[in-house]
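Throughout, a chain's letter reflects where its sequence line sits, starting with A, and its residues are numbered from 1. Note that the structure is a prediction, hence the values are computed from the model and not measured.
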Amino acid sequence: MNKLILNFYKLSKNLLKKIYNKKINNNNIKILYNTKFNKIKGDITIILSLSSILEKKKIYKNLGNIILKKYKKNILKYEIKNNYLNFFLKDNYYLNIINFFIKKKININNIINNINNNKKLIIIDFSSPNSNKPLHIGHLRNILIGNTISNIYKKLGYKVIKSQIINDRGIHICKTIISWKLFFNGITPLLYNNIKSDHFVGKLYFKFEKELNKEIKYIYKKYKIKNKKDAIKKSKLLKYANNELIKWENNNKKCIKLWKKINKWVYKGFKKTYKKLNIKFNEILFESKTYIIGKKFIKKGIKKNIFKIDKDKSIYFLFIKKKIILLRKNGTSLYITQEIGTLLYRLKKYKKIYLLIYVVGNEQIFHFKILFKIIKKFNNFIKIKNIYHLSYNTVNFMGKKIKSRYKNNIIYIDDLIKKMNKYVKKKIKNKKKIKKISIGSIKYQFIKINPNKIINFDFKKSLNLKGNNYIYIQYTYARIYSILKKNKIKNKLLKKKNIKFKNNEKNILINIIKYKKILKKSINKYDPSILTKYIYILSKNVNNFYQKNKILNNKNIYIKKLRLNICKIVLKILYNSMKIIDIPIIKKI
RNA sequence: GGUCACGUAGCUCAGUAGGAUAGAGCAACUGCCUUCUAAGCAGUAGGUCACAGGUUCAAAUCCUGUCGUGAUCACCA
C-alpha cells in the first residue's frame, strides 16, 4: 500500500537527478501523510530540501504535473503552499486501502509478510532475577519490555529465544543461607504462616541485611571506625557469608543441600508470579552452571595477556585505566565472570546468533561497556556481531528510588497485583473479569512509557484507569467486536462507487497502513511504547468514527459494508497488537 | 570530576527519524444516551518546548556551552 509513497520518492528522485545531474539522497525528499485533513495541507505532502525558494517552486510545479499525470486515478489535484507540495487524493485511493486488506484476507500476517527474517535468530535475555528475593516492580518493567520486544520480533518473522538467566549463586545467596542458619533454622514457608515461598526467602535476605547494619553500627562504636569499608572488614556476619561462598564454590555437600532447598522455594514463587503475568521463557539458564565456563575462559585470557594477575592474586582487566576485577583474590567469581560464561555457553549452543539483546537496567551501562569491550578483544574467539544492551530507567516508588539490594522498601509484583485487583473490584461490575483487567492495566501502564524515562510509581495514580490505558483499548475492541458479531462479512472486494470518505474514516485508513512501519520502528528503537502509542491513537480514531457514524443501522448497504470492513481491519490490528503486548483480550466488557 | 540518560500545559506523558498554527490523558468547566457497548464522543481553558548560542529555506527535534534532576564510575549481583 505504501507503493504510492515509494513511487513518489522515485519520481522525485528522478526529476532531481535530471535537474542537478548528481545523486540524490532520500534525505533530501520527505513525504508525509497528513492526518489532519485541512483544506490547505491535503492528504499527502512532498517536501524537498532545496536552498532556493524560487527554484523550488518551479521544481514543485514540474513534479506535481508529472505525478498528477501518472496517478490520475488516485490524485485529484496538487497545490503549492510555502515550502510544501500538497496532493489531494481521490476517495478511490481510500477504497483501495480497504481492498488491499481484503485481498490479503484481512490477515495481519499476510500483510506483514517477512519471510526474509525467518532464519535470523534473536536471543533476548530478560528478567534475570537473583534467587534471594521475590520479583519486584523493577523486574516487572524489565520483563514487560523484554517480552514485548520479543513478541514484535516474532511477529516480524524472526526466530526468537526468550531467555532467562537466574543469578542463583554469589554472595547474596550465601547471605540468605547464613540468615536461615542463624535466625530461621528449621523454619519453612509453610511454618511461617504459609507465606508464598519466595517471599519467605526475601525475608531471610533482608533479615541478614538488617542484622549486618546493626553489627556495623556496633563496630563503629567499639573500634571507633568511621569508614564503612573498614567496618565491613571486621564484620563477623560477612565473614560467615564469604566463607559460605568459598564452601559453595568448593562444592561443600551441606552447603549445596541448603542452597538447593532455598532456591527451590524461590523458584516455586517465581513460577507463580510468571504465571500470573503469563510470561513464558524458551530457555532458563543458571549462573551456577555458566560461571564455570567463565572461570575457565579467564585463564585463557591470562595466557593471551589480556587479563592480568594483581599483586594480591586477584585477576583483572584494564579498562580506561581502571582495574576491573574478574576473579577475587580468594578465587571466587563475580557477576562479570558469569556473564562471560553465559555468553560463551549461548554461542556454543546456538552457533549463529543474529542479535543478542540484554534487557538490563541503566545502572548497568558501565558493566555492559566492559563486557562488550572484553568481547571485542577476543574477536577471533567470540564471534558475535550484534550485541545490544537494552537499558531502561528506574521505577521510583512514591518519589523515592527503590534501592532493592539494601532496603526492604520494594514493591513486589505479587503485592501490586493484589492491590490492583482490589481497586478494580471496586470499579467494575463484572466480577469475572477483574483479574484480566487488572493484569492488563498493570502491563499497559508500564509499557506505555518510553524505557528511557523514569517511572514514578504511585498507587493512587497508577490505579487510575482513565485515558491512555488498557481499558480504553479494550473497550474499543469490545465495541467493534460486538458489531462484527452481529453482522459477519466475507472477504469480498468492494466495487468502486462515487462515495465520499469522511475524515474520521480517512484517519483510520491512513493509520492502518502504517502498522508494519510501527512494528519495525519499535524494534529499531528498542521501544515498545511506540506500539502502545499507536494503538491508542488508532483507538481514538475508531471511537470517534464509531460515535459519529452509523454502521449497522446504515440504510445504505454499500456504506454499511464499507464501514464493516474498516471495523474488521481495525479489530485484527488491535487483536494483533494486544497479543504482542500480551494484555488480555476480552470480547465483551 | 568523567560517562550516560532526562528537562515540553498544574500533574503524567506524545511529538510521525528537521517541516506548516505545539499534541493527548488526568484534574477544572460546557454540551451529547428514545439510536450499533456513554468505561465513550464533541468542546472551552491551560505553553517563552530549562537557558544561551550555532547549523539551514525550515529546529521542541541536530551541534556546542550553561543550569537542573537521576544513574554510574568494580572485588554487590
With nearest nucleotides of RNA chain B determined for A:Leu85 and A:Ser314 from heavy-atom distances, which residue corresponds to the more 5′ nucleotide?
A:Leu85

Has A:Lys289 got more than 12 heavy atoms of other residues, nucleotides or ligands less than 6.0 Å from its NZ?
no

What's the closest nucleotide to the side chain of A:Lys514 if the choices are B:U16, B:A38, B:C73?
B:U16

Considering only heavy side-chain atoms of A:Lys466, the closest of B:A14, B:A27, B:U35 is B:A27

Within 45 degrees of the axis of the six-membered ring of A:Tyr316 and under 6.0 Å from its centre: does A:Lys323 put its NZ or CZ there?
yes

Measure OH/A:Tyr472 against P/B:C41 and give the value in whole Å, please.
4 Å

So do the side chains of A:Thr176 and A:Val201 get within less than 4.5 Å of each other, counting heavy atoms only?
yes

Nearest to the side chain of A:Gln547 - B:C75, B:G40, B:C36?
B:G40

Hey, does the Lys NZ or Arg CZ of A:Arg169 hover above the aromatic six-ring of A:Tyr291, less than 6.0 Å from the centre and inside 45° of the axis?
yes

Considering Watson-Crick and G-U wobble pairs with both distances under 3.5 Å, what does B:G68 pair with?
B:C6

Side chain of A:Lys30 (C-beta onward), nearest among B:G19, B:C75, B:C73
B:G19

Is the glycosidic angle of B:C33 within 90° of 0, making it syn, or outside that range, making it anti?
syn

When rounded to the nearest Å, what value does the distance between C1' atoms of B:U55 and B:U21 take?
25 Å

Out of B:C75, B:G18, B:A20, minimum distance to the side chain of A:Ile325 belongs to B:C75

Who is the Watson-Crick or G-U wobble partner of B:U30, with both distances under 3.5 Å?
B:A42

Residue among A:Asn549, A:Asn541, A:Asn543 satisfying side-chain hydrogen bond (donor to acceptor under 3.5 Å, both in side chains) with A:Asn504
A:Asn549

How about A:Tyr515 and A:Tyr534: are their ring centroids closer than 6.0 Å?
yes

Nucleotide opposite B:U35 in a Watson-Crick or G-U pair, distances under 3.5 Å
none

Looking only at side-chain atoms of A:Lys486, point me to the closest of B:U72, B:A17, B:C36.
B:C36

Which nucleotide, B:U37, B:G40, B:C57, lies nearest any side-chain atom of A:Ser49?
B:C57

Take atom P in B:U48 and the same atom in B:C67, then report the distance between them in whole Å.
24 Å

If each of A:Phe545 and A:Ile454 is mapped to the nucleotide of RNA chain B with the nearest heavy atom, which maps nearer the 5' terminus, i.e. the 5' end?
A:Ile454

State, with a plain yes or no, whether a side-chain heavy atom of A:Tyr526 is found less than 4.5 Å away from one of A:Pro451.
no

Pairing partner of B:G53 (Watson-Crick or G-U wobble, both distances under 3.5 Å):
B:C63

Whom does B:U21 pair with, Watson-Crick or G-U wobble, provided both distances fall under 3.5 Å?
none

Distances under 3.5 Å between nitrogen or oxygen atoms of protein and nucleotides 3-6 of chain B:
residue : atom : partner  : partner atom : Å
B:U3    : O2'  : A:Lys369 : NZ           : 3.2
B:A5    : O2'  : A:Asn452 : O            : 3.3

Rounded to whole angstrom, note down the C1' distance from B:C76 over to B:A22.
46 Å

Neighbour count above 12 (heavy atom, 6.0 Å) for A:Lys377 NZ
no

Which class fits the ring pair A:Phe297 and A:Phe307: parallel under 30°, tilted 30 to 60°, perpendicular over 60°?
perpendicular

Side chains of A:Lys175 and A:Leu238: closer than 4.5 Å at any heavy-atom pair?
yes

Please determine, for the side chain of A:Ile471, which listed nucleotide (B:U72, B:A39, B:A77) has the closest atom?
B:A39

For A:Thr45 and A:Asn86, test the side chains for any donor-to-acceptor distance below 3.5 angstrom and give the result as yes or no.
yes

When you measure from the side chain of A:Tyr475, which nucleotide among B:C76, B:U37, B:G19 comes out closest?
B:U37

Choosing from B:U16, B:C26, B:C41, which nucleotide comes nearest the side chain of A:Lys521?
B:U16

Using the P atom on both, measure B:U37 against B:G43 and round to a whole Å.
24 Å

Can you tell me how far P in B:G65 sits from the matching atom in B:A20, rounded to whole Å?
28 Å

Could you list by number each residue of residues 533-543 of chain A showing a heavy-atom separation from RNA chain B of less than 4.0 Å, or answer none if no residue does?
A:Lys533, A:Tyr536, A:Lys540, A:Asn543

